[in-house]
Amino acid sequence: MSSAWPLVITLLYVATAMLIGLRARAGRSMNTLEEWGVAGRSMGPVTLYLLIAAGSVSAYTFMGAPGWAYSKGVAVFYVAVYLAYLALVAWYFGPKVWQFGEQFGHVTQASAIADRYQSPALGALSALVMAVGSVAYAVLQTIGSAYILFVMSGGLIPVWLGVLFVLACIAVYLYASGQRAIGRTNAFQGVLMLVVAWAVGLWAIHSATGGLSFAGVFERIAAEHPEFLTLPGAGGDMSFSFWTTSIIVSMFSFMPPVWTQWMSASSARTIRRSATWLPAYYVVILPMVVVGFIGIFSLPELARADTVVLEYAMQHLPVVLVGLLGAGTLAASMSSSEPFIHSVSLSMSKDVLQPLFKLSENVTAKLARLLILPTMFLVIAPLAIAEPGSLVMILLVGLGFASQVLPAFIGMFFWPRASRLGVMAGIVGGFVVTVAFTTLWRHPLGIHAGFWGLMVNLPLFVLVSLVTPATREEVVERFFRISAPRGLTRLGKRVS
């Protein structure tokens with residue numbers, strides 16, 4: 001395709017996103033953690049709904065998921081289970097997390113952990129472990145963004161330049177407006193993604209089958225390539241055990257940006273309303289996955305599976321729709337990278353550097369904004385330029401590390417006896433195992449490395465907690481009055 005319109009439309013989207021992000025601050029000072037970090041806890045239900053929805057529907061939707069459908073088949077539908085679970089988690093845990101933040105002044109996930117266990121060191125450890133998962137996720141999104149610019153420009157914008165360009169654009173409005181920029185841009189990006197995904201998906205289905213029904217695609221796959229419709233998939237590398245443990249690890253990963261999004265709500269009721277609507281948005285992934293299946297019989301020799309939707313669009317769709325696809329895919333990746341970059345900078349400053357160097361709140365707030373620059377250009381950019389693997393595998397590796405903080409949440413919501421040392425032992429043991437089974441011996445017996453980590457993590461957590469002192473009773477009671485008031489009543493504590 002020689003037309004310049006796809007690149008023009010994509011760049012117009014970038015300019016619009018930057019303008020929306022810069023205007024989001026609306027004259028407010030961003031020199032406090034409360035404002036830059038959680039938008040003054042002021043987001044309404046519609047903005048919060050689109051923030052959570054667009055933040056969890058990433059470059060995976062337009063590139064990773066269709067790529068897995070194209071290369072592996074039905075294994076891609078693990079994401080349907082994962083996304084359904086995300087909505088339930090937001091509905092149940094979100095209001096409780098908001099109350100923690102409102103009553104105890106938390107602005108990060110790790111600050112809540114440090115408060116629950118009365119241990120800044122545990123908060124810092126949690127922040128560092130979660131940063132590994134968050135950086136992996138941001139790298140995934142940045143690779144997707146850069147590749148879109150590479151394709152839309154016909155190769156004139158190399159991947160390394162696309163990485164730097166996208167990160168620079170995000171840095172401008174993220175520094176200026178913080179979480180408010182993320183909320184406003186995600187609202188815009190969320191609507192754009194939903195419209196583009198269905199427009200492209202339905203057009204592709206019509207061009208491939210002559211109709212608008214998904215059934216024709218799967219009937220042809222069943223007749224010509226039935227191996228794509230069962231596990232272990234066409235490549236034989238997606239065993240039932242890896243597929244299942246990938247879902248479990250994903251479900252147990254309470255990523256920091258989601259926590260920050262909940263704390264940005266105007267009320268606990270706002271979170272419940274937004275979470276109730278979430279499944280209606282997640283259908284955005286379906287048409288893109290179907291295009292991935294179309295590629296099996298229409299683009300059989302693709303060198304890179306993640307590009308199946310882009311390649312099909314450039315060969316079969318009108319030029320304007322190709323441009324909108326570029327904008328929609330870029331919106332998907334930017335809307336997900338923003339929250340992860342923001343949460344890493346916020347948590348590193350608040351939960352690691354502030355207690356380490358005894359910094360004031362004002363200095364910490366300024367540092368949080370500045371930290372986005374080294375996070376982006378010294379960590380995320382080099383990793384993204386190196387392109388370490390397929391988009392989905394980068395995502396699963398990141399979630400494997402993030403899931404190792406699970407003991408901290410068990411002790412926050414379910415088990416009052418959990419101790420500081422028990423949580424530390426579990427996190428460290430699980431992290432070491434996950435590193436070993438990600439790098440040295442990859443996913444032994446076809447089981448996700450993060451799941452192996454949890455199998456070491458959770459017993460360590462329980463055993464060490466039982467033989468070490470618990471957190472002070474008044475602190476535990478303060479948390480469980482919010483997280484499990486009925487449990488306190490059963491223990492003979494009166495809930496006021």
Side-chain angles (χ1 to χ4, degrees), residues 92-93 96-133 252-254 256 259 263 347-348 350-359 364 401-435 450 452-496:
Y92 181 78
F93 291 102
K96 300 176 188 293
V97 169
W98 182 86
Q99 283 187 270
F100 291 158
E102 177 70 11
Q103 294 187 25
F104 309 146
H106 306 152
V107 294
T108 65
Q109 184 184 77
S111 61
I113 293 171
D115 186 17
R116 160 62 179 89
Y117 298 98
Q118 296 294 285
S119 172
L122 178 55
L125 175 64
S126 302
L128 291 168
V129 171
M130 280 296 192
V132 175
F252 288 154
S253 302
F254 285 70
W259 197 281
M263 289 192 292
S347 197
M348 287 297 103
K350 174 64 179 175
D351 304 308
V352 178
L353 298 178
Q354 184 181 38
L356 183 63
F357 296 109
K358 304 294 189 293
L359 303 177
T364 303
F401 284 106
S403 67
Q404 302 312 310
V405 185
L406 178 63
F409 307 125
I410 293 174
M412 193 177 295
F413 295 101
F414 302 110
W415 193 34
R417 184 62 184 80
S419 74
R420 167 181 60 90
L421 292 176
V423 174
M424 281 186 173
I427 291 175
V428 172
F431 185 83
V432 169
V433 170
T434 303
V435 169
W452 284 110
L454 286 175
M455 287 197 288
V456 172
N457 181 334
L458 295 177
L460 266 178
F461 159 59
V462 172
L463 290 173
V464 175
S465 289
L466 290 174
V467 299
T468 55
T471 309
R472 297 196 313 272
E473 184 177 351
E474 63 270 22
V475 175
V476 174
E477 187 174 335
R478 173 162 59 87
F479 271 83
F480 275 76
R481 283 183 183 279
I482 295 171
S483 63
R486 293 181 182 177
L488 278 179
T489 303
R490 287 196 298 271
L491 291 172
K493 305 287 186 181
R494 184 172 62 86
V495 180
S496 56

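The basis for the numbers below is simple: all heavy atoms, side chains too, and nothing from hydrogens, waters or symmetry mates.
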Fill in: Straight-line distance of Trp259 CH2 to Ile113 CD1, nearest 0.5 Å
6.5 Å
Worksheet item: What are the two closest non-hydrogen atoms of Thr471 and Ala418, and how far apart are they?
Response: OG1-O, 4.1 Å
Worksheet item: Can you tell me if Ser465 uses its side chain to pair, donor with acceptor, with the backbone of Ser419 under 3.5 Å?
Response: yes
Worksheet entry | Ile427 CD1 to Phe461 CZ distance, which is reported to the nearest 0.5 Å | 9.5 Å
Worksheet item: Relative to the ring of Phe414, is the ring of Phe93 parallel (under 30°), tilted (30 to 60°) or perpendicular (over 60°)?
Response: perpendicular
Discussion item. Is it the case that the side chain of Asn457 and the backbone of Gln404 share a donor-acceptor pair, with hydrogens and angles ignored and the cut-off at 3.5 Å?
Written reply: yes
Discussion item. Using ring pair (Phe, Tyr, Trp, His ring centres under 6.0 Å), reason through Phe479 and Phe104 one step at a time and then give a plain yes or no.
Written reply: CA-CA 9 Å; Phe479 271 83; Phe104 309 146; 5.2 Å; yes
Worksheet item: Which residue, Val423, Val475, Leu421, forms the side-chain contact (heavy atoms from CB on, under 4.5 Å) with Tyr117?
Response: Val423
Item to complete: Keeping to residues at least two apart or across chains, list the salt bridge (Lys or Arg N to Asp or Glu O under 4.0 Å) pairs with something in residues 106-117.
Response: Asp115-Arg478
Worksheet item: Minimum heavy-atom separation for Ala114 to Pro120, with atom names?
Response: CB-CA, 4.1 Å
Fill in: Interatomic distance, Met263 atom CE to Ser111 atom OG [nearest 0.5 angstrom]
5.5 Å
Response to the item:
Scanning both residues in full, the closest heavy-atom pair of Pro469 with Arg417 reads C-NH1, 4.1 Å
Fill in: Exercise: identify the closest heavy-atom pair between Pro256 and Gln109
CG-OE1, 3.7 Å
Worksheet, complete the sentence: Minimal heavy-atom distance between Phe401 and Val129, with the atoms involved, is O-CG1, 3.6 Å
Discussion item. Looking at every heavy atom in both Val464 and Ala425, which two are closest together, and how far apart are they?
Written reply: CG2-CB, 3.8 Å
Discussion item. How long is the straight-line distance from CZ of Phe413 back to NZ of Lys96, given to the nearest 0.5 Å?
Written reply: 8.0 Å
Discussion item. Quick check for you: to the nearest 0.5 Å, what is the distance between Met130 atom CE and Asp351 atom CG?
Written reply: 11.5 Å
Worksheet item: Once you round to the nearest 0.5 Å, how far does CD1 of Ile410 lie from CG of Leu458?
Response: 5.0 Å
Worksheet item: Donor-acceptor pair, Ser483 side chain versus Met412 backbone, under 3.5 Å?
Response: yes
Worksheet item: side-chain contact (heavy atoms from CB on, under 4.5 Å) with Val352: which residues, sequence neighbours excluded?
Response: Ala124, Ala127, Leu128, Met348
Practice prompt. For Gln103 and Ile482, indicate whether the former's side chain and the latter's backbone hold a donor-acceptor pair under 3.5 Å.
Written response: no
